[in-house]
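Encoded as structure tokens, the structure appears first; notes follow it.
Per chain, numbering begins at 1; letters A, B, ... match sequence-line order.
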There are 2 protein chains.
Amino acid sequence: MQQAHTEPGPSAWDGVEPEAARRLLSAGVEAFAERGYHATTTRDIAGRAGMSPAALYIHFKTKEELLFRISKVGHERARGIIAGAAGSDGTPRERLDRAVRDFSRWHAERHTTARVVQYELQALGEEHYAEIVTLRRDIDSLLRGIIEDGVRAGDFAVDDIPGTALAVLSLCVDVARWFSAAGSRTPDELGLLYADLVGRMVTAPGRA
Amino acid sequence: MQQAHTEPGPSAWDGVEPEAARRLLSAGVEAFAERGYHATTTRDIAGRAGMSPAALYIHFKTKEELLFRISKVGHERARGIIAGAAGSDGTPRERLDRAVRDFSRWHAERHTTARVVQYELQALGEEHYAEIVTLRRDIDSLLRGIIEDGVRAGDFAVDDIPGTALAVLSLCVDVARWFSAAGSRTPDELGLLYADLVGRMVTAPGRA
DNA sequence: GTCTATACGATGATAGAC
DNA sequence: GTCTATCATCGTATAGAC
């Protein structure tokens, strides 16, 4: 049994019972993030959770259902982060700053989970995929809303609002692909850098 | 045999002989981009190329070698695009503009190839992976060089040069994940939008 | 709920005819 | 160089004991 790399803070599986299901979810995240869904065997997941392969099927109907659970919880968390920023007090610029800071930081701090959330969608079954897509649409709308508010208020100089919203999300999401805890940047530092870069994106250029 | 979706312009496999190997490379790109490397069977690849599974092994030693060939050619092309911009005449701002425009446009226009190039690295064997990593380092250095030139010349206002270079590459790379030919943006339009956004990133903010 | 044992289909790769 | 046939292995998932 391999020891899973543990990310900081409270587990995403705090509400899950029984404990064995929690261990399987955690092991699934680790394995899927490392090798990808299709390259991960149920033997590997069960082994990391300290169980036999058969035990997995007591808690999840299939391997795909395990992925779906991970994806669902992860997407809900991601939406919560953006919703928190979108619904907070402050100017559009402050809300956008907070959205980008928190969203990119989450993708860095939880890069293992985020990698599965963002890059294993295609492995979901049709119905599960459809359910996840609605969550993703929410995230997109919430962020676009902040930018629309800023443009309407005259705070942002943005020509292509949907394109800019897409670029901002894309920038944050891709953190999950390349971020490593061994790198030279902490998640906090990355959040600040990215919030600054996005702040510039929505602002008419001044002088160098 | 399924008909492969054909991307515009000359094939990336123009130099490859014999023609059957070309068909396999092309079929491999399609299949890997659609389902991912591990979910793709040699039967699927061979079927798309109009051959039996056994024929694949005449032209490639393993399925992994087929992926490596695709990845190698794709990365060389990607490096060529950035090198072309970095080595071109013009101010750092003009060179950065060209780099981002061409690089993001390539990821859009060739999103099928780019998806395999950018997202199937982990499926490569150790030695092949190491060879690809050197190409990726080149790409990173070339782009960072442009930004360094601009900062040195006083054209760019950038605090964190490696971080900004990383963000710019990341933004362009992630296009391969979400871009669809069915979407509302052409690759050309995307290139212009992204060049504008990055131009703002390296410029001290003015007023909205 | 967990284990051992195993069914059974699919997969990467090869053998040998043409 | 390509095909048909096939091998050895591995994968998901289940059966049945405890």
Check your understanding: Hey, does the side chain of B/E120 reach the backbone of B/Y37 with a donor-acceptor pair shorter than 3.5 angstrom?
Key -> yes

Review point. A/T40 or B/R43: which one's nearest nucleotide on DNA chain D is closer to the 5' end?
Key: B/R43

Check your understanding: Counting N and O atoms only, with roles assigned by atom type, does the side chain of B/S104 sit under 3.5 Å from a partner on the main chain of B/Y194, one being a donor and the other an acceptor?
Key -> no

Check your understanding: Can you check the B/H38 NE2 to D/dC10 P distance for me, whole Å?
Key -> 15 Å

Point to revise | Rounded distance (Å) that lies between atom P of C/dG12 and atom CG of B/L24 | key: 14 Å

**Study point:** Strand contacts (DNA chain C) in residues 56-73 of chain A, 4.0 angstrom heavy-atom criterion
**Key:** A/I58, A/H59

Practice item. Let me know the distance between CG of B/D44 and P of C/dT11, rounded to the nearest Å. Key: 9 Å

Practice item. Taking only the side-chain nitrogens and oxygens of B/T42, find out if one of them lies under 4.0 Å from OP1 or OP2 of C/dT11. Key: no

**Study point:** Separation of atom CE in A/M51 from atom C1' in C/dT4, rounded to whole Å
**Key:** 16 Å

Practice item. Give B/A54 one of three labels, base, sugar-phosphate or nothing, depending on what nucleic acid heavy atoms sit under 4.0 Å from its own. Key: base

Practice item. Could you check whether the rings of B/F103 and B/H107 sit parallel, tilted or perpendicular, using 30° and 60° as the cut-offs? Key: perpendicular

Review point. For A/T41, which contact category applies under a 4.0 Å heavy-atom criterion: base, sugar-phosphate, or nothing?
Key: sugar-phosphate

Exercise for review: Report the residues that fulfil ring-ring contact (aromatic ring centres under 6.0 Å, His included) with A/F60, sequence neighbours left out, ordered by chain and then residue number.
Suggested key: none

Check your understanding: Just by modelled atom types, is the B/E34 backbone N or O under 3.5 Å from a matching donor or acceptor in the A/Q122 side chain?
Key -> yes

Review point. Which class fits the ring pair A/F179 and A/H111: parallel under 30°, tilted 30 to 60°, perpendicular over 60°?
Key: tilted

